[in-house]
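Take a look at the structure set out below.
Quick note on labels: first sequence line is chain A, next is B, and so on, each numbered from 1. All values reported here derive from a predicted model rather than from experimental measurement. Both backbone and side-chain heavy atoms feed into the values below; hydrogens, waters and symmetry mates do not.
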Amino acid sequence: MYDPVQIELKWQAYWEENGTNQPDLESAERPFFNLMMYPYPSAEGLHVGNLYAFTGADIYGRYRRLRGDDVFEPIGYDAFGIHSENHALRVNIHPTELIPANIANFERMLRRAGLMYDWSHTVDTTDPGYYRWTQWIFLQLFKAGLAVKKEAPVNWCPKDQTVLANEQVISGRCERCDTPVEQRLLSQWFFRITEYAERLLDNLEWIDWSETTRTAQRNWIGRSDGAQLWFPVPDTEEQIEVFTTRPDTIFGATFMVLAPEHPLVARVTTDDRRAEVEAYVRTTAATDLVERRKVEEKQKTGVFTGGFATNPATQEPVPIWVADYVLMEYGTGAIMAVPAHDQRDFEFARQFELSIRPVVSPASTLSPDADPAAVELDLDEAFLEHTEDEILINSDRFSGMEADAGGHAIVEWLAERELAELHVNYRLHDWCISRQRYWGPPIPVINCDECGVQPVPEEDLPVLLPFVEDFRPDASGVSPLARAEEFYRTTCPGCGGEARRETDVSDTFLDSGWYFLRYPSTDFDDRPFDDERTRKWLPVDMYIGGEEHAVLHLLYSRFLTMVLHDLGYLEFEEPYHRFQKHGLLITEGAKISKSRGNVILPDEYMSRYGADAFRTYLMFLGPFQVGGDFRDIALAGPERFLNKVWDSVTSAVSEGRAGFDDEAVERSLHGTIKKVTEDLESLDYNTAIAALMDYLNQVRAEGRVPSVDEVRPLVILLAPIAPHIAEELWERLGGSPSVFDHVSWPEYDDSKLIVDELEIAVQVNGKLRAMVRVARGATQEAVQEAALREDNVLRQLDGGEIRKVIHVPDRLINLVVR
RNA sequence: GCCGGGGUGGCGGAACCGGUAGACGCAUCGGACUUAAAAUCCGUGGGGACAUAGUCCCGUGUGGGUUCGAAUCCCACCCCCGGCACCA
């Protein structure tokens with residue numbers, strides 16, 4: 001009988017010895033780079049969710065290989081970062097010890113899962129030979145003016161006295177001690193990704209990605225078209241700049257609101273209001289961002305500054321308020337408030353009894369003889385929706401105009417006085433890459449009192465992460481590296497004087513932003529990526545990964561690729577030809593997580609059923625791109641299926657019959673090849689497996705022993721999904737190993753799919769009443785004649801007159817009597 | 001609130017462009033083999049009515065609509081999952 005574990009060990013050893021999975025990176029003729037998102041090597045080991053994703057990607061790679069491509073399928077480890085560091089803190093083992101052990105464990109598990117990895121080209125982001133080039137990329141951005149240092153708020157836990165990453169703040173509280181988190185201003189490094197916002201958005205039009213992923217990126221970049229407007233502050237030189245998507249509503253701007261951090265707050269505040277305003281600003285600063293943005297508590301807060309600005313359209317003075325519902329990091333940090341047409345402004349106006357002036361209304365709701373420049377309206381809530389016939393009202397000479405056109409006219413009119421211009425605003429922020437942590441690549445700059453910020457010379461890279469026994473973040477709010485004197489004390493590359501190294505490390509997303517560029521070039525240690533290798537293998541042909549990275553990782557890696565392209569290092573500006581997301585694996589209807597205690601260990605299942613059956617099951621339980629429900633009882637199906645495949649092929653071999661003696665089986669074979677080919681191409685693995693099961697059921701019908709020719713194609717079609725058993729059976733069929741080296745994908749013949757006679761559905765008034773056998777391509781007359789010979793059809797017709805006949809050739813006929 | 005995905009037997013899920021709903025598999029039940037069990041094989045398999053083969057009615061979240069014909073298209077609504085969220 002079939003012993004999966006033995007066979008799997010045999011073939012894994014064969015692949016390893018013969019370099020089966022290592023394409024010749026120099027001379028491959030049809031290079032195909034099949035990439036999957038590399039994992040973070042957790043202490044728990046390989047998660048079934050990881051394996052689900054890798055298996056799905058691997059099947060596609062193996063399929064391409066059988067189609068004749070030279071497939072390069074590498075794997076690596078995203079081993080730096082907060083995840084790894086936090087885990088090290090929790091178990092109190094130094095990451096330099098913990099991470100290599102985790103990686104070794106991962107590699108062991110990955111090797112037994114039958115993945116087509118080229119183990120001679122792996123990447124580990126914590127290897128100095130890798131992060132040297134991560135630092136190099138930082139330097140290229142620095143030199144191009146795309147890496148800048150500026151002040152930004154960070155999350156600060158006053159009890160633990162440490163900086164927290166956003167991921168560590170759970171509903172405004174520290175994940176460790178539950179203390180409400182505060183904001184602190186720190187000087188940090190940013191990559192100016194906003195410079196690339198438009199290009200990142202434009203290219204989404206043509207890259208071959210899942211639609212949902214492109215939509216997610218579009219939303220994240222968040223382009224808004226509108227106008228920049230300036231509200232002068234009387235008796236000063238100041239103007240308050242605002243961004244709005246509704247310049248058409250400017251006549252309804254009855255007050256202004258500044259974010260508490262806005263630089264003009266102090267300037268516009270009058271002396272009698274100053275104490276109150278400052279108190280408000282201080283309170284806001286002490287509240288964390290997450291808490292501050294909770295929208296559920298509808299109560300708006302804010303204070304009047306005592307100051308006024310001039311509405312450039314009405315020339316009326318409008319009061320200036322400060323409120324935390326205006327965010328400094330979006331737009332200009334100041335708004336013109338139009339309570340009649342913005343729900344937030346409306347609520348604020350109601351609460352503080354500010355005036356509300358409607359300026360847009362559907363024409364149909366106004367009385368025909370009313371003057372649109374003087375309409376009285378009482379609103380219960382802001383009027384937001386757009387109607388076909390909306391016109392401007394109470395807007396001086398623009399009243400009566402269609403709203404959109406009116407908005408344009410208003411901007412043009414104000415532009416003459418340099419008080420307005422059209423403007424595009426993005427939700428996307430610059431990418432903060434500084435981390436006040438230990439476990440990451442040190443940011444390669446040196447601060448000199450004389451020369452200022454100096455980049456580390458490229459020949460001095462890598463800046464090694466020193467071993468620091470106590471890697472805990474501390475009260476200072478700076479990286480633990482700031483306590484390592486032998487690390488930060490250095491000399492200035494400019495003047496040679498005493499200087500201090502940057503002690504922050506960079507974000508993990510910088511490590512993962514370029515790892516795919518490294519894979520083909522891991523054998524070069526004097527360059528991040530070799531030009532020739534890169535030209536041959538990149539951009540990535542197929543990238544499969546989780547939707548959770550739809551924005552951050554996929555956006556950052558697109559950005560870095562564009563920058564490296566602009567700097568002349570890469571010929572392409574988009575890193576991935578095709579990206580497909582995979583679905584989420586759940587179990588018994590619930591999300592898989594450690595806290596639920598329903599984590600599934602692939603190791604156990606692979607020992608019990610073999611990697612092939614486990615792979616087959618994972619791909620069979622639902623559509624790969626949607627996900628599915630893991631129930632271990634259902635593993636029995638794929639296990640039986642592979643057993644039957646084994647049984648059929650081995651008995652076919654011992655009987656040794658060739659050819660096709662059953663026309664129906666041959667036809668079914670061609671149908672199966674067609675179906676499986678199409679399904680693998682579109683990643684519909686569940687239905688591909690169903691088609692293989694179906695075919696097997698047919699060749700085995702009534703205890704039949706199939707011929708060798710009937711099962712040989714089956715073995716090849718199965719190879720991407722269950723590679724070990726396919727190798728073994730291929731060898732037993734007399735093929736020379738590896739099946740992936742010596743075989744081409746079966747072709748189907750359309751002419752073999754044609755049947756002479758088929759069953760046609762007969763409907764009466766749209767309801768199925770009978771099936772009739774007719775010749776293929778039978779005419780409507782012939783089909784109708786056959787249908788009218790059926791008792792049941794005649795009974796349903798009940799002698800009535802046939803008023804209409806719908807005939808779908810080779811499929812259905814519908815007789816309408818009514 | 002906004003964006004995206006989804007709701008089909010006891011369960012996981014099929015169904016191209018509107019054309020035989022429930023492929024394939026799991027579980028169940030019945031049978032064969034066996035001293036017995038496991039494994040294996042054969043059969044059953046949405047609900048209901050009349051009914052021995054059969055025939056009819058109902059049935060793809062809910063209510064309407066378009067059509068000869070709707071799981072599929074349109075309108076309104078309910079629920080679930082994921083992401084974003086005071087974005088001006």
Gap between atoms [atom1] and [atom2], on [X] and [N] respectively (whole Å):
X      : N      : atom1 : atom2 : result
A:Q698 : B:rC24 : CD    : P     : 10 Å
A:H549 : B:rG82 : NE2   : C1'   : 15 Å
A:R795 : B:rC57 : CZ    : P     : 11 Å
A:N765 : B:rG19 : CG    : C1'   : 15 Å
A:Q217 : B:rC84 : CD    : P     : 14 Å

Under the 3.5 angstrom rule, does the side chain of A:N765 hit a backbone N or O of A:V817 as a donor-acceptor pair?
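Yes; at least one donor-acceptor contact below 3.5 Å.
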Keeping A:H549 on the side-chain end and A:G545 on the backbone end, is there a donor-acceptor pair under 3.5 Å?
no
Check every strand shown and say whether [X] touches a base, only sugar-phosphate, or nothing at a heavy-atom separation below 4.0 Å.
X      : answer
A:R640 : sugar-phosphate
A:N425 : nothing
A:M771 : base
A:I335 : base
A:D345 : nothing
A:R769 : sugar-phosphate
A:R700 : sugar-phosphate

Candidates [options] - which lies nearest the side chain of [X]:
X      : options                : value
A:K644 : B:rC41, B:rC24, B:rA88 : B:rC41
A:D694 : B:rC24, B:rC26, B:rA88 : B:rC24
A:V326 : B:rA88, B:rG69, B:rC86 : B:rA88
A:L768 : B:rC24, B:rC3, B:rU20  : B:rU20
A:Y330 : B:rC84, B:rA88, B:rU55 : B:rA88
A:N697 : B:rC68, B:rU55, B:rC24 : B:rC24
A:I633 : B:rG69, B:rG25, B:rC26 : B:rC26

Please give the distance between the [atom1] atoms of [N] and [M] as a whole number of Å.
N      : M      : atom1 : answer
B:rA39 : B:rA23 : C1'   : 27 Å
B:rU44 : B:rU28 : C1'   : 10 Å
B:rC79 : B:rG61 : P     : 16 Å

Side-chain N,O (A:N219) to OP1/OP2 (B:rC87) below 4.0 Å
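A:N219 to B:rC87 OP1/OP2: no side-chain N or O under 4.0 Å.
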Within the structure, does a side-chain N or O atom of A:S224 lie under 4.0 Å from either OP1 or OP2 of B:rA88?
yes
Atom pair CG (A:L229) and CZ (A:R246), whose distance is rounded to the nearest 0.5 Å:
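Going from the CG atom of A:L229 to the CZ atom of A:R246 covers 13.0 Å.
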Spatial distance of atom CG (A:N697) from atom CZ (A:F641) [nearest 0.5 Å]:
8.5 Å
Should the ring pair A:W321 and A:F352 be called parallel, tilted or perpendicular, given that the plane angle runs from 0 to 90° and is split at 30 and 60?
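A:W321 vs A:F352 ring planes: tilted.
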Which pairs, protein N/O on one side and nucleotides 58-61 of chain B N/O on the other, fall under 3.5 Å?
{"unit_1": "B:rC58", "atom_1": "OP2", "unit_2": "A:K767", "atom_2": "NZ", "d": "3.0"}

Can you give me the dot-bracket string for RNA chain B, 5' to 3', counting Watson-Crick and G-U wobble pairs with both distances under 3.5 Å, using [ ] for crossing pairs and | for partners on another strand?
(((((((..(((......[....)))..((((.......))))..(((((...)))))..(((((..]....))))))))))))....
Ring-ring centroid check [X] [Y], cutoff 6.0 Å:
X      : Y      : result
A:F614 : A:Y605 : yes
A:F243 : A:H423 : yes
A:F255 : A:F304 : no

Determine the minimum heavy-atom distance between A:G766 and A:N814, stating which atoms define it.
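Heavy-atom minimum between the residues: N-OD1, 2.9 Å.
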Should B:rC17 be called syn or anti, with syn set as within 90° of 0?
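B:rC17: syn.
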Tell me if B:rG12 is syn or anti. Syn = glycosidic torsion within 90° of 0, anti otherwise.
anti
Would you kindly compare A:T245 and A:I689 by the position of their nearest RNA chain B nucleotide and give the one closer to the 5′ end?
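The residue closer to the strand's 5' end, by nearest nucleotide, is A:I689.
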Pick the closest RNA chain B nucleotide for A:A334 and for A:A761 by heavy atoms, then say which residue is nearer the 5' end.
A:A761
Side-chain donor-acceptor contact under 3.5 Å, A:D632 with A:Y617:
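Their side chains do not contain a donor-acceptor pair, so the 3.5 Å distance test is not met.
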Can you check each nucleotide of nucleotides 6-17 of chain B against protein heavy atoms at under 4.0 Å and return B for base, S for sugar-phosphate only, - for none, in 5' to 3' order?
-----SBSS-B-
